Amino acid sequence: MLISANSSLKLILSEMIYFRMINEVARISIFSEFSFKDEQNIESNMFKVAYSKYKNVTPLLIKKEQNLSGVSTNRLSNTIGSLINCSLDHITFTFDSASGGSLCTISHDDLARRATFNNEMFCVVHAHSAPITDIQYNTFNQSIVATCALDSIIKLWSVSGEPDSTMSKMESLVNIPISENRSDCIQWNPNVEGIFASSSLNTVYLWDVNDNQASNVQTICPHTEAIQGLCWKKDGSLICTAAKDKTMCISDPRNKNTDQNLKIQNSKTANKDTKVVWLGTTDCIMTSVYTPSFTREIHLWDIRNTSAPVHESTIDSGNNVLNPYYDHDTSALFLVGKAETNIKYGEIFLNNSWSFAHNSSQQVDDQIKAVCMLPKYGLNLMKCEIDRLILLTRNSVYPLPYIAPRNDKTSFHQNLFPDTFNVYKPGCRKADWLHGTNSDALKAPLNLQSQKNFGKFSESVPKTPVSLPPAEQARIADPIDVSILLPTINQQSAQTTPATSDQDKIAKTDKTQAEDGSSDKENSQKKPENVIMRSALNQTSQLNPKPLTPLTSQNRISKFKSVFYQSKFKYINGKAAHKNDHITNIRGLSSMWSAESNGFQINTRHAAFFVSGNSGQIGIVQKGHEFY
């Protein structure tokens, strides 16, 4: 029995070892087959993972002291258009008023300078007799802004800055009446100057602005219900509209025949607004929808195949649809819901597979009413500012810049700023476009030199010339070199300053130094070599005046490190006297007097103050005695 048990145990162990060897061989064979057959596919797919240099872009929250507070926007209605818009120099927004049709214009510099909103300090215009629905600046003329309201009137305004004041100025140019009872949205043509489209209920109007006159070029009705979104293709050839009937229509506004329009059914939307954005000059359209399951989604459509969206991305759940703000240069997308406190940032990829990547979210303190994006030439490129949003909240207006983190803050990172769409030269002439000609949108480099031509952030500009056409270089004015004017200023200042006054000042300075005594001598012996006293600095500058030279970054650092002012009163401290020396038990002390009066005066022996009562009573106290 023992022998049979041992033999059966050996048999079981041998079978276990055999099956383990078979599994090991199978595993090795599968691994070898996978590694040798799919090695090339793995290596090729490894490099298809796209790395975005804008993935870690983060917002920079500014201080509350730099916000324009005191702006009331509680009664503003939910409109299709934007209630705030900006150009390179100005910001225009609407606020609560008696009729709801008031506008305020402020410059970007004054936004951080004035902390409280005041009608007398800003350019406030009563623009419309009904609530304003949209504000849009002209693409190629930054001094023209168009507004529309529920009073069925479109107005064009000229915005400029006062020469002798920091207050902006708005002047009415054109009033365009609409046959409908309201005007909802305005969009300027991004590739043709002087052309814009407006929507009113289910109708789209095409307008031609020339010499402060506007004429209706075309009128089309692409939908049966009210239009909720309107956008242009970046080359200005086509227009896309989204309506309440859950359809989108792509049409040429120059063609009145609606049978040639492309209709897209969007059945996944609920009874909410649908926002639409044309992604640059591509064939991709992005829509922000609100689904019947109470979720907010982003859909990417290919106009060559409109049976279904190419990509669907669920963002979150909420009560309102998300308003998209798209950067055509970096493919960055900002999603903001009205009356919400969260801003979502992501990117749209259109390379191999169309997709949307949600990168970050930012929480703000107040409810957001409207948002606009600053044009590219107004960004601070040296701080790696990719985009800047201007927020109109319930109580304030303030900027929200998005910064790309970089270790080197002293050099310009050209790889972060691709060529942007040209804003000073349209790609197509108006006459050619009206006759059916389409042209590609022009692009211009975005760097420090091109930004200097627009007068923004001209410091630290490299000397390498920007590659612009000769015609564009002739249109742009050359900047004034201030260093040429400095020798003339020095000569005038030397002629107007008399020599006798210099000698008198030097004599007074020597006399003051002689009266100081030994304390000044001790301080002069203890001071280090790289410290220049204030009196010595005044003498040397008055005896030998040096010509003014431009302060560069190199000599600025050296001067700040070598010049320090010393004072013998620097470390003076105050100490309260003992309570035994205090004058107490003062009864009937008056606390009511005019702001011009100090209410308390002393000399070497007495102190006088106001006492409450009739006939203007005054109390007198003496040093070392109580009140009498």
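Worth saying up front: this structure is predicted, and the values here are computed from it rather than measured.
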**Asked** What pair of heavy atoms forms the shortest contact from Gln142 to Ser87, and how long is it?
**Response** OE1-CB, 3.0 Å

**Request:** Give the minimum heavy-atom separation between Asn191 and Gly236, together with the two atoms involved.
**Result:** CB-N, 4.0 Å

Got [X] and [Y] here, is their nearest side-chain heavy-atom distance under 4.5 Å?
| X | Y | answer |
| --- | --- | --- |
| Tyr326 | Ile348 | yes |
| Ile220 | Thr203 | no |
| Val192 | Pro426 | no |
| Val174 | Lys155 | no |
| Ile84 | Ile91 | yes |

Short side-chain donor-acceptor distance under 3.5 Å, [Y] and [X]:
| X | Y | value |
| --- | --- | --- |
| Ser307 | Asn305 | yes |
| Tyr205 | Ser179 | yes |
| Thr314 | Thr295 | no |
| Thr92 | Tyr137 | yes |
| Thr393 | Ser396 | yes |
| Glu347 | Ser331 | no |
| Glu225 | Asn202 | no |
| Ser107 | Asp109 | no |
| Gln136 | Asn85 | yes |

**Message:** Would you say the ring centers of Tyr402 and Phe334 fall short of 6.0 Å from each other?
**Reply:** yes

**Prompt:** Residues in salt bridge (charged side-chain N to carboxylate O under 4.0 Å, His left out) with Arg182, at least two apart?
**Reply:** Asp184

**Asked** Cation-pi between Lys425 and Phe140: NZ/CZ under 6.0 Å from ring centre and within 45° of the ring axis?
**Response** no

**Asked** Does any N or O in the side chain of Asp252 come within less than 3.5 Å of the main-chain N or O of Leu238, such that one atom is a donor and the other an acceptor?
**Response** no

**Asked** Where the side chain of Asp134 meets the backbone of Ser82, is there a donor-acceptor pair that is under 3.5 Å apart?
**Response** yes

**Message:** Going by salt bridge (Lys or Arg N to Asp or Glu O under 4.0 Å), name the pairs with one or both residues in residues 266-294, residues two or more places apart or in two chains.
**Reply:** Lys233-Asp283, Lys268-Glu312, Asp283-Arg304

With rounding to the nearest 0.5 angstrom, report the [atom1] to [atom2] distance, [X] to [Y].
| X | Y | atom1 | atom2 | answer |
| --- | --- | --- | --- | --- |
| Leu322 | Leu333 | CG | CG | 9.5 Å |
| Leu88 | Lys376 | CG | NZ | 12.5 Å |
| Thr79 | Leu150 | OG1 | CG | 8.5 Å |
| Asn342 | Leu335 | CG | CG | 10.0 Å |

**Message:** Does this structure show an ion pair linking Lys338 with Glu340, if we count only N-O contacts that are shorter than 4.0 Å?
**Reply:** no

**Item:** Asp329/Lys443 ion pair, N-O < 4.0 Å
**Value:** no

**Candidate pair Ser251 and Ile239, rule side chain to side chain contact (heavy atoms under 4.5 Å, CB included), full reasoning** = CA-CA 6 Å; Ser251 59; Ile239 197 170; 3.5 Å; yes

**Request:** Verify side-chain hydrogen bond (donor to acceptor under 3.5 Å, both in side chains) between Asp235 and Ser237, making sure each step is shown before the conclusion.
**Result:** CA-CA 6 Å; Asp235 59 0; Ser237 59; 2.9 Å; yes

**Request:** Kindly assign one of parallel, tilted or perpendicular to the pair Trp207 and Phe196, based on the angle between their ring planes and the thresholds 30° and 60°.
**Result:** parallel

**Message:** Over 60° means perpendicular and under 30° means parallel, so tell me whether His358 and Phe356 are parallel, tilted or perpendicular.
**Reply:** parallel

**Message:** Apply side-chain hydrogen bond (donor to acceptor under 3.5 Å, both in side chains) to residues Asp151 and His128 and explain how you reach the verdict.
**Reply:** CA-CA 7 Å; Asp151 57 358; His128 295 269; 3.2 Å; yes

**Request:** Apply the test side-chain hydrogen bond (donor to acceptor under 3.5 Å, both in side chains) to residues Thr269 and Asn266: give CA-CA distance (whole Å), side-chain angles for both, the deciding distance (0.1 Å), then the verdict.
**Result:** CA-CA 6 Å; Thr269 60; Asn266 192 6; 4.9 Å; no

**Message:** I'd like to know whether Lys344 forms a side chain to side chain contact (heavy atoms under 4.5 Å, CB included) with Asp316, so could you lay out the CA-CA distance, the side-chain angles of the two residues, the decisive distance to 0.1 Å, and finally the verdict.
**Reply:** CA-CA 10 Å; Lys344 299 172 177 60; Asp316 59 0; 3.1 Å; yes

